[in-house]
Amino acid sequence: MSKIKSLTLTSRRQLIKTGLAALTLSAFHGVQAQESKPLKLTNSHSKATTKKAGAKRVVMLDPGHGGIDTGAIGRNGAKEKHVVLAIAKNVRAILRSKGIDARLTRNADEFIPLYDRVEIAQKHGADLFMSIHADGFTNPSAAGASVFALSNRGASSAMAKYLSDKENAADDVAGSKVKDRDHYLQQVLFDLVQTDTIKNSLTLGSHVLRQIKSVHRLHSHSTEQAAFVVLKSPSIPSVLVETSFITNPEEERLLGTTAFRQKIASAIASGVISYFSWFDNHKAHSRR
């Protein structure tokens with residue numbers, strides 16, 4: 001009798017959660033409808049697609065910055081927007097060779113608002129979203145890779161807060177209209193709906209960090225959390241990977257080499273594959 005009661009409670013909880021997810025997405029798209037002239041997505045990824053049963057997993061890779069937004073700039077002039085696009089393309093090639101449908105939010109040096117990056121992943125039915133960066137800090141000695149997941153409760157460290165504030169300001173160069181669209185996204189409350197997504201994002205982060213650790217030093221050994229706008233998808237596990245600090249002279253030099261870009265891309269791709277393997281095993285175990 002107790003087992004039946006437990007199953008009933010679980011079913012009710014799942015039903016409520018599903019309903020909340022539907023309401024959240026409905027509110028999200030309702031806010032979009034209020035715009036008289038919706039901001040056009042800046043590349044060909046804007047068309048909605050329907051995912052078929054048995055289709056390949058879709059991984060949306062998001063090279064940070066682009067176009068008028070250069071991102072961080074190294075002492076010797078290396079620009080984050082160029083470095084991360086090269087790394088993302090390497091990750092895409094590796095994942096595709098493993099049978100995973102990896103796509104990019106941008107294929108060239110173009111500006112895409114944070115809001116649209118999230119929207120692109122949703123419209124492509126992405127199973128995973130990963131924003132790739134090589135950020136900077138005021139102190140050139142800051143070094144190493146980090147992985148971040150979303151937090152609705154504040155940043156997990158001073159560095160996480162600094163970087164999230166910096167990344168969330170990326171749309172300032174595009175003016176108030178773009179910033180207002182991102183503000184709508186920030187106002188949507190995911191709460192319970194996003195709890196599992198954040199948990200999976202943290203797990204994804206740990207798999208990526210484990211792989212990067214073998215090829216490059218880590219700035220943080222655990223997945224950090226902060227309120228990155230670009231990670232605010234209610235249902236897609238999302239992380240932001242800081243491959244290195246481009247403001248660190250040594251790491252700027254490394255980021256400029258084909259060998260290091262390939263090495264870090266391979267580690268990131270291995271982390272994604274490892275996560276999917278964990279997810280499948282976890283799902284299979286929960287069905288028993």
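Just so we're clear, the structure is a prediction, and the values are computed from it rather than from any experiment.
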Between the CD atom in Glu110 and the CD1 atom in Ile112, the distance rounded to the nearest 0.5 Å is 5.0 Å
With a 4.0 Å cut-off on N to O distance, would you call Arg57 and Asp127 a salt bridge? no
Heavy-atom closest pair (Pro237 atom, Asn200 atom, distance to 0.1 Å) is CG-CB, 3.9 Å
Here the pair of heavy atoms bringing Thr243 nearest to Ile87 is OG1-CD1, 4.0 Å
Give the cluster check for Leu254 versus Ile73: same hydrophobic cluster or not, with ILVMFWY residues linked at side-chain heavy-atom distances below 4.5 Å.
-> no
Note: Ile273 and Ile100 closest approach over all heavy atoms is CG1-CD1, 4.0 Å
Report task. Check whether Leu204 and Ile94 end up in the same hydrophobic cluster, where Ile, Leu, Val, Met, Phe, Trp and Tyr are linked by side-chain heavy atoms less than 4.5 Å apart. Result -> no
Full working for side-chain contact (heavy atoms from CB on, under 4.5 Å) between Val241 and Ile264
CA-CA 11 Å; Val241 180; Ile264 202 77; over 6 Å; no
Nearest heavy-atom approach of Gly256 to Arg261 is CA-NH2, 4.1 Å
CZ of Arg75: more than 12 outside heavy atoms within 6.0 angstrom? no
The residue among His219, His216, Glu250, Glu252 that forms side chain to side chain donor-acceptor pair (under 3.5 Å) with Ser244 is His216
Original post:
Counting only N and O atoms by type, is there a donor-acceptor contact under 3.5 Å from the side chain of Thr197 to the main-chain atoms of Pro234?
Top reply: yes
Leu209 and Ser220 have their tightest heavy-atom pair at CD2-O, 3.7 Å
Heavy-atom closest pair (Asn107 atom, Leu85 atom, distance to 0.1 Å) is O-CD2, 4.0 Å
Distance col, row Gln225:CD vs Ser151:OG, nearest 0.5 angstrom, shows 5.0 Å
Applying ring-ring contact (aromatic ring centres under 6.0 Å, His included) to Tyr275 and not counting sequence neighbours gives Trp278
Here the gap from Thr203 atom OG1 to Phe279 atom CZ, rounded to the nearest 0.5 Å, amounts to 10.5 Å
Output for pair (Asn76 CG, Leu255 CG), nearest 0.5 Å, gives 12.0 Å
Between the CZ atom in Arg117 and the CD atom in Gln122, the distance rounded to the nearest 0.5 Å is 14.5 Å
*Give a yes or no on whether the backbone of Asn248 and the side-chain of Arg253 come within a donor-acceptor separation of less than 3.5 Å.*
no
Side-chain donor or acceptor of Arg106 paired with backbone N/O of Gly64 under 3.5 Å:
yes
Q.
Taking Ile236's backbone N and O only, do any of them form a donor-acceptor pair with Ser238's side chain (distance below 3.5 Å, no angle check)?
A. yes
Exercise for review: Could you go through the side-chain contact (heavy atoms from CB on, under 4.5 Å) check for Val272 and Lys98 one step at a time?
Suggested key: CA-CA 11 Å; Val272 170; Lys98 301 297 182 180; over 6 Å; no
The side chain to side chain donor-acceptor pair (under 3.5 Å) partner of His65 among Lys81, His82, Glu80 is Glu80
Checklist line | Verdict with supporting geometry, Val230 and Phe129, side-chain contact (heavy atoms from CB on, under 4.5 Å) | finding: CA-CA 9 Å; Val230 78; Phe129 176 90; 3.7 Å; yes
| message | Whether the side chain of Ser274 engages the backbone of Ser270 through a donor-acceptor N/O pair (distance < 3.5 Å, no angle test) should be reported. | response | no
- Query: Does the Glu242 side chain pair with the main chain of Asp135, one donor and one acceptor, at a distance under 3.5 Å?
  - Reply: yes
Separation between CG (Leu61) and CG (Leu95), nearest 0.5 Å, reads 6.0 Å
Answer yes or no: is there a donor N or O on one side and an acceptor on the other, between the side chain of Glu251 and the main chain of Ala143, under 3.5 Å? no
Between Thr223 and Ser206 (side chain of the first, backbone of the second, donor and acceptor by atom type, cut-off under 3.5 Å), is there such a pair?
yes
